[in-house]
Amino acid sequence: MVDQAQPVSPGSENPDASFVEGNAGGEGRFPPRGRPVIRGINGIGLWSLYMKEVRRFLKVQTQTIWAPAVTTLLFLVIFSVALGRGGREVLGVNFPTFVAPGLIAMAMMQNAFANSSFSLLSGKIQGTIIDLLMPPLSEGELMAGIVGAAVTRAIAVGFVVSGAMMLYPGVSLSMAAPWAVLWFGLMGAVMLALLGLLASIWAEKFDHNAAVTNFVIAPLAMLSGTFYVIDRLAPAFQAVSHANPFFYVISGFRYGFLGQSDIGDSSAVLMAGAGLLVLNALLALGTYALLKSGWKIKN
């Protein structure tokens, strides 16, 4: 019965000859070693990885989506009470309306980083990284799946935080330039997702990842002009702010709501958006090269 179930090539003396590598006959033969079976993009594998990452953070959505809304709302309350007294206005609007877009963008970026930085690192520590390396996924597909899930989490956090902001008295989230909200929100989420993936490649334990979060991501986010306009800083600190990519994400995102920002006029905002696209392209190339090399992953 076993021999009958196996395809036999015409004129072949060996009933298993159709499964021998390089054999010219038989429909059921294996392809030669090293020849790819899946050509182009592995759509099923990419979608499966993306859904795996999305379902992972949805399993604990109280922590990954709803908790950032509470934390960000506390930031708004504290800074509004501390700095927004007496009807203070910034860029022609009240202080809560000024600070709300920056807080939304900051929450989106921080959660994009948190999601992508956990993916590979948890696999390396728990010994389950083989589940990501063994499937027929290219390095680009692996990167796209992880980054795509991180951006999805950032968008979900953005909507939830925006809803929480609307509950605060005096906050207006009417959009003057919706394209800027979409573009800078997406560019900020992609940038931090790529940085998180780079951090997870480099890190060997959760302490390393926490060090990047505490000493790199948090300072850049807090000093990005979320709570102030950089015109009030000393010239030296203004130069430092202009070198901070987080500043352009925050200010461009704020421009989408208020129609003005401390980047400059609309042409300066467009240049900032193009610069973020170039920066993300360079980060993507660097991340792809590291994944391709297998540094700290395949060893």
Side-chain angles (χ1 to χ4, degrees), residues 38 40-61 63-65 68 105 107-159 185-213 216-217 220-221 245-246 249 276-277 279-299:
I38 300 176
I41 298 177
N42 182 2
I44 296 177
L46 176 58
W47 176 253
S48 299
L49 175 61
Y50 168 78
M51 289 307 300
K52 168 186 172 294
E53 292 294 312
V54 170
R55 288 171 178 170
R56 178 176 61 80
F57 73 75
L58 286 179
K59 281 280 188 180
V60 287
Q61 58 180 285
Q63 174 186 351
T64 57
I65 296 180
M108 292 175 63
M109 290 191 293
Q110 288 178 339
N111 281 273
F113 178 87
N115 199 81
S116 62
S117 64
F118 184 81
S119 299
L120 288 181
L121 180 58
S122 63
K124 290 197 292 186
I125 293 176
Q126 298 172 3
T128 59
I129 195 172
I130 194 68
D131 296 334
L132 295 175
L133 301 180
M134 283 298 292
L137 291 170
S138 66
E139 289 78 10
E141 292 163 351
L142 180 63
M143 180 177 67
I146 294 175
V147 171
V151 172
T152 301
R153 175 175 167 181
I155 293 173
V157 169
F159 277 108
L186 179 63
M187 288 296 100
V190 171
M191 179 176 68
L192 267 294
L194 290 170
L195 289 175
L197 189 53
L198 286 172
S200 67
I201 294 173
W202 165 77
E204 297 178 357
K205 52 186 178 180
F206 288 117
D207 289 345
H208 294 163
N209 192 33
V212 176
T213 302
V216 179
I217 303 302
L220 289 176
F246 286 47
V249 175
L276 288 174
L277 178 62
L279 176 60
N280 284 339
L282 294 176
L283 286 175
L285 289 175
T287 305
Y288 177 83
L290 282 181
L291 288 173
K292 191 77 173 178
S293 68
W295 179 64
K296 288 195 174 185
I297 297 178
K298 296 181 180 180
N299 57 351

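Note that the structure is a prediction, hence the values are computed from the model and not measured.
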Can you tell me how far the [atom1] atom of [X] sits from the [atom2] atom of [Y], to the nearest 0.5 Å?
X: Leu133; Y: Glu139; atom1: CG; atom2: CD; result: 9.5 Å
X: Ser117; Y: Leu198; atom1: OG; atom2: CG; result: 11.0 Å
X: Lys52; Y: Ile146; atom1: NZ; atom2: CD1; result: 7.5 Å
X: Leu276; Y: Phe246; atom1: CG; atom2: CZ; result: 11.0 Å
X: Glu204; Y: Leu121; atom1: CD; atom2: CG; result: 9.5 Å
X: Leu58; Y: Thr152; atom1: CG; atom2: OG1; result: 9.5 Å

Side chains of [X] and [Y] in contact at under 4.5 Å (non-hydrogen atoms):
X: Glu53; Y: Phe57; answer: no
X: Leu120; Y: Leu291; answer: yes
X: Leu132; Y: Leu137; answer: no
X: Tyr50; Y: Leu46; answer: no
X: Arg56; Y: Asn115; answer: yes
X: Val212; Y: Phe113; answer: yes
X: Lys124; Y: Lys296; answer: yes
X: Val151; Y: Ile155; answer: yes

What's the shortest heavy-atom distance between [X] and [Y], and which atoms?
X: Ala193; Y: Val147; result: CB-CG1, 3.9 Å
X: Val157; Y: Pro68; result: CG1-CB, 4.0 Å
X: Ala189; Y: Met109; result: N-CG, 4.4 Å
X: Val249; Y: Gly188; result: CG1-CA, 3.8 Å
X: Ala150; Y: Ala112; result: CB-O, 3.5 Å

inquiry  = For Leu282, is the CG atom crowded, meaning more than 12 foreign heavy atoms sit under 6.0 Å from it?
reply    =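 Atom CG in Leu282 is crowded, with more than 12 foreign heavy atoms closer than 6.0 Å.
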request  = Please say whether more than 12 non-hydrogen atoms of neighbouring residues, nucleotides or ligands are located less than 6.0 Å from CZ in Phe206.
outcome  = yes
task = Determine yes or no for a side-chain-to-main-chain donor-acceptor pair under 3.5 angstrom, with Glu141 supplying the side chain and Gly45 the backbone.
result = no
key: side-chain contact (heavy atoms from CB on, under 4.5 Å) evaluation trace for Leu194 with Met143   = CA-CA 8 Å; Leu194 290 170; Met143 180 177 67; 4.1 Å; yes
ask   = Out of Leu195, Leu279, Asn280, Leu277, which residue meets the side chain to side chain contact (heavy atoms under 4.5 Å, CB included) rule with Val190?
value =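 Testing each of Leu195, Leu279, Asn280, Leu277 against Val190, the sole residue satisfying side chain to side chain contact (heavy atoms under 4.5 Å, CB included) is Asn280.
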